[in-house]
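Sequence positions, counted from 1, serve as the residue numbers for this chain.
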Amino acid sequence: IQIQRTNTSYSTYGINILNNVISAIGSGNGIKISPGNMTGFTIQNNKINTTGNSGIGLYMQNLTNSIISGNNITTSSYLAHDIYLLFSDNNIFLNDSLTELWATSSSPSHGLVLNNSNNNSFTNTRITTQTGMNDTLLDGTGTNYFTNVSFNKAKIQFVAGSTATLFIKWYLDAAVFFAGSPLSSVNVSGSNNTGNTVFSQLTNALGYISTQTLTEYFQNVTGKFYEA
């Protein structure tokens, strides 16, 4: 599936790509959106499989303010990344599964590539790649966010000279019980590694506080920086 606008003076808005089974052979992409002024898309519940060289599962260029959810993407050749974002900002990714099967590091493929893309959030996503490949490759600029994402922390790579940043966040659920019974109005607090309070809440009638979203660390080309 290819969606392309050659006149970038206008925007393409509100296209839905839903519930498809997409198989691409040769160098074909599963879904390709490029270039210029695409916004408000919904890409949901698609099963995408590519088997050819440079066959990217989902390629997004200049796509903004869109929702990508519930997609199952598998690629199995070189330079065939599962998802590639280029100049794409403010998109929400939910419950996607990315599987990269190529295992020859001299011609790498990656689960997710973020190239000059900013403020994209990935939540409850799973990224699986082979030995020698990166779960995520970051290039250029942009700040992006992982929340409750299943990935290998050792397989995040930044291109030399990149100023991109990736934040790693997790959910926390907490409850207070005594002798098997919930306790209400009990304060539950959490602090970061420098002792600063990150959250403080009272338990409800069932003994729980609301789910917290906490930053573990952010990472850039120079290293990891834990919540302070």
What's the separation between atom CD1 in Ile73 and atom OG1 in Thr50, rounded to the nearest 0.5 Å?
9.5 Å
Does the distance from a Lys or Arg side-chain N to an Asp or Glu carboxylate O, for Lys224 and Glu216, drop under 4.0 Å?
no
Can a side-chain donor-acceptor contact be found between Thr215 and Lys169 if the only test is distance below 3.5 angstrom?
yes
Any side-chain to backbone donor/acceptor pair from Thr136 onto Ile156? Under 3.5 Å, distance only.
no
Who are the ring-ring contact (aromatic ring centres under 6.0 Å, His included) partners of Phe87, not counting sequence neighbours?
none
Going from CG on Leu94 to CD1 on Ile68, what distance comes out if it is rounded to the nearest 0.5 angstrom?
9.0 Å
Could you give me the CA-CA distance, side-chain angles and deciding distance for Tyr226 and Thr194, then say whether side chain to side chain contact (heavy atoms under 4.5 Å, CB included) is met?
CA-CA 10 Å; Tyr226 287 84; Thr194 60; over 6 Å; no
With no hydrogens and no angle check, is any side-chain donor or acceptor of Thr75 less than 3.5 Å from a backbone partner on Ile56?
no
Other residues, nucleotides and ligands only: do more than 12 of their heavy atoms fall within 6.0 Å of NZ on Lys155?
yes
Please report the closest heavy-atom contact between Gly40 and Ser66, naming both atoms and the distance.
N-OG, 3.4 Å
Does the ring pair (Phe, Tyr, Trp, His ring centres under 6.0 Å) test come out yes or no for Phe225 and Tyr217, once each step is laid out?
CA-CA 5 Å; Phe225 301 86; Tyr217 64 88; 9.6 Å; no
Note: Ile3 and Ile17 closest approach over all heavy atoms is CD1-CD1, 3.7 Å
Polar side chain donor-acceptor pair, Gln44 to Ser69, under 3.5 angstrom
yes
Tell me the closest heavy-atom pair linking Ser34 and Tyr59, and the distance in Å.
CB-CE2, 3.9 Å
Would a 4.5 Å heavy-atom cut-off, applied to side chains only, mark Trp102 and Ser107 as touching?
yes
Closest contact, heavy atoms only, Asn71 versus Ile43
ND2-O, 3.0 Å
Taking Glu100 for the side chain and Gln130 for the main chain, is one N or O donor matched with an acceptor at less than 3.5 Å?
yes
Could you tell me the separation between the CZ atom of Phe93 and the OG1 atom of Thr123, rounded to the nearest 0.5 Å?
10.5 Å
Okay, side chain of His110, backbone of Leu137: is any donor-acceptor separation there less than 3.5 Å?
no
Would you kindly confirm whether Leu138 and Ile168 end up in one hydrophobic cluster when ILVMFWY residues are joined by side chain heavy atoms under 4.5 Å apart?
yes
Check the angle between the aromatic planes of Phe177 and Tyr208 and answer parallel, tilted or perpendicular using the 30° and 60° thresholds.
perpendicular
Check: Asn119/Asp89 side-chain N/O donor and acceptor closer than 3.5 Å
no
Applying a strict under-4.5 Å side-chain criterion to I, L, V, M, F, W and Y, I'd like to know whether Ile127 and Tyr145 cluster together.
no
Candidate list Thr129, Asn152, Thr128, test side-chain hydrogen bond (donor to acceptor under 3.5 Å, both in side chains), partner Asp135, passing option:
Thr129
Gap separating the OG1 atom of Thr147 from the CZ atom of Phe122, nearest 0.5 angstrom
11.0 Å
Check the side chains of Asn91 and Thr64 for a donor-acceptor pair under 3.5 angstrom, ignoring hydrogens and angles.
no
Would a distance-only check, ignoring hydrogens and angles, find a side-chain to backbone donor-acceptor pair under 3.5 Å from Asn62 to Asn37?
no
Quick check against the 3.5 Å criterion: does Asn204 have a side-chain atom that pairs as donor or acceptor with the backbone of Gly207?
yes
Partners passing side chain to side chain donor-acceptor pair (under 3.5 Å) against Ser54 (at least two apart in sequence or in another chain)
none
Does Val176 reach the side chain of Val188, with side-chain heavy atoms less than 4.5 Å apart?
yes
Are the side chain of Trp170 and the backbone of Leu172 linked by a donor-acceptor contact shorter than 3.5 Å?
no
Can any side-chain N or O of Ser117 pair as donor or acceptor with the backbone N or O of Asn115 at less than 3.5 Å?
yes
Evaluate the side-chain hydrogen bond (donor to acceptor under 3.5 Å, both in side chains) criterion for residues Asn53 and Tyr78: first the C-alpha distance (whole Å), next the side-chain angles of each, then the deciding distance (0.1 Å), finally the verdict.
CA-CA 5 Å; Asn53 303 336; Tyr78 68 82; 3.2 Å; yes
Shortest non-hydrogen contact from Ser162 to Asp139?
OG-C, 3.8 Å
Please list, one pair per line, the donor and acceptor atoms closer than 3.5 Å that link side chains of residues 18-28 to other protein atoms, with sequence neighbours excluded.
residue, atom, partner, partner atom, Å
Asn20, ND2, Leu18, O, 3.0
Asn20, ND2, Asn46, OD1, 2.9

How far does CD1 of Ile83 sit from CG of Leu58, to the nearest 0.5 angstrom?
5.0 Å
Which atom of Asn29 lies closest to which atom of Gly55, heavy atoms considered
OD1-C, 3.8 Å
Do Ile209 and Val198 share a hydrophobic cluster, counting only Ile, Leu, Val, Met, Phe, Trp and Tyr and linking them when any side-chain heavy atoms are less than 4.5 Å apart?
yes
Ser184 (side chain) donor-acceptor with Thr203 (main chain) under 3.5 angstrom:
no
When you compare the side chains of Gln201 and Ser210, does any donor N or O come within less than 3.5 Å of an acceptor on the partner?
yes
Is it the case that the side chain of Asn120 and the backbone of Ser88 share a donor-acceptor pair, with hydrogens and angles ignored and the cut-off at 3.5 Å?
yes
Which class fits the ring pair Phe151 and Phe146: parallel under 30°, tilted 30 to 60°, perpendicular over 60°?
perpendicular
Please say whether more than 12 non-hydrogen atoms of neighbouring residues, nucleotides or ligands are located less than 6.0 Å from CZ in Phe218.
yes
When hydrophobic residues are tied together by side-chain contacts of less than 4.5 Å, even through go-betweens, does Met38 share a cluster with Tyr84?
no
Atom pair CZ/CE of Phe41 and Met60 - distance to nearest 0.5 Å
9.5 Å
Answer with yes or no whether the side chains of Thr211 and Asp173 bring together a donor and an acceptor at under 3.5 Å.
yes
